[in-house]
Amino acid sequence: MRPYLREKIPSSIDEIPSATAYEAGYLVTKNSGWRNVRPVIDTATCVGCQNCYLYCPDGVISIEDGKAKIDYDFCKGCGICRTVCKPGAIRMEAEK
Ligand code: SF4
Ligand code: SF4
């Protein structure tokens with residue numbers, strides 16, 4: 001089967017959705033208990049590029065007022081958001 005190709009590639013960041021298809025609250029089970037580290041965003045460094053939002057496998061990052069925000073009830077602590085954040089605005093901290 002041929003891979004699906006988008007008919008139109010967004011020409012600007014304004015065409016990229018600013019939230020996931022479903023809000024995190026649609027998930028039935030909170031999975032924050034899986035975490036032993038949590039991502040923490042330095043809002044002064046965040047440029048609102050949406051990379052973390054696009055790559056988060058759980059769709060728990062939203063962009064509010066031009067800054068990334070994480071729903072910790074559903075973040076499993078995988079660290080992908082930190083890896084894809086080019087400005088280095090996300091650090092992982094040990095859960096206490
Ligand atoms: S990838 Fe980094 S700079 Fe971009 S929105 Fe997320 S936290 Fe902000
Ligand atoms: S640590 Fe993983 S699940 Fe949590 S916000 Fe980052 S990418 Fe999403």
Side-chain angles (χ1 to χ4, degrees):
M1 190 168 134
R2 294 182 63 180
Y4 169 76
L5 296 175
R6 298 177 69 134
E7 287 181 13
K8 180 173 175 284
I9 295 176
S11 58
S12 81
I13 201 165
D14 293 335
E15 293 185 38
I16 297 174
S18 60
T20 48
Y22 294 98
E23 292 178 18
Y26 281 83
L27 296 172
V28 178
T29 307
K30 293 183 180 180
N31 52 12
S32 54
W34 299 0
R35 269 195 325 256
N36 54 17
V37 288
R38 67 162 52 200
V40 177
I41 296 173
D42 174 7
T43 52
T45 307
C46 173
V47 297
C49 67
Q50 302 187 355
N51 241 13
C52 55
Y53 152 75
L54 291 169
Y55 280 91
C56 173
D58 290 284
V60 302
I61 300 178
S62 55
I63 305 293
E64 293 179 19
D65 297 325
K67 306 287 181 180
K69 185 178 174 194
I70 296 169
D71 185 337
Y72 287 111
D73 279 349
F74 299 96
C75 164
K76 64 188 176 195
C78 66
I80 290 173
C81 53
R82 191 227 7 217
T83 301
V84 301
C85 178
K86 292 182 181 168
I90 301 177
R91 65 182 186 281
M92 303 302 286
E93 287 187 357
E95 286 286 355
K96 297 182 179 117

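Counting from 1, the numbers follow the sequence of the chain as shown. Since the structure is predicted, the reported quantities are computational estimates derived from the model, not experimental observations.
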Using a 3.5 Å cut-off and no angle test, enumerate the donor-acceptor pairs between side-chain atoms of residues 40-49 and protein atoms at least two apart in sequence or in another chain.
residue : atom : partner : partner atom : Å
D42     : OD1  : A44     : N            : 3.1
D42     : OD2  : T45     : OG1          : 2.6

Identify all side-chain donor-acceptor contacts of residues 73-90 below 3.5 Å with residues at least two apart in sequence or on another chain.
residue : atom : partner : partner atom : Å
D73     : OD2  : K30     : NZ           : 3.3
K76     : NZ   : D58     : OD2          : 3.1
T83     : OG1  : G79     : O            : 3.2

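Closest of all the heavy-atom pairs between R35 and Y72 is NH1-O, 2.8 Å. Considering all non-hydrogen atoms of both residues, V37 and A94 come closest at CG1-CA, 4.1 Å.
When each of I70, I61, V60 is checked for a side chain to side chain contact (heavy atoms under 4.5 Å, CB included) with Y53, only I61 meets the rule.
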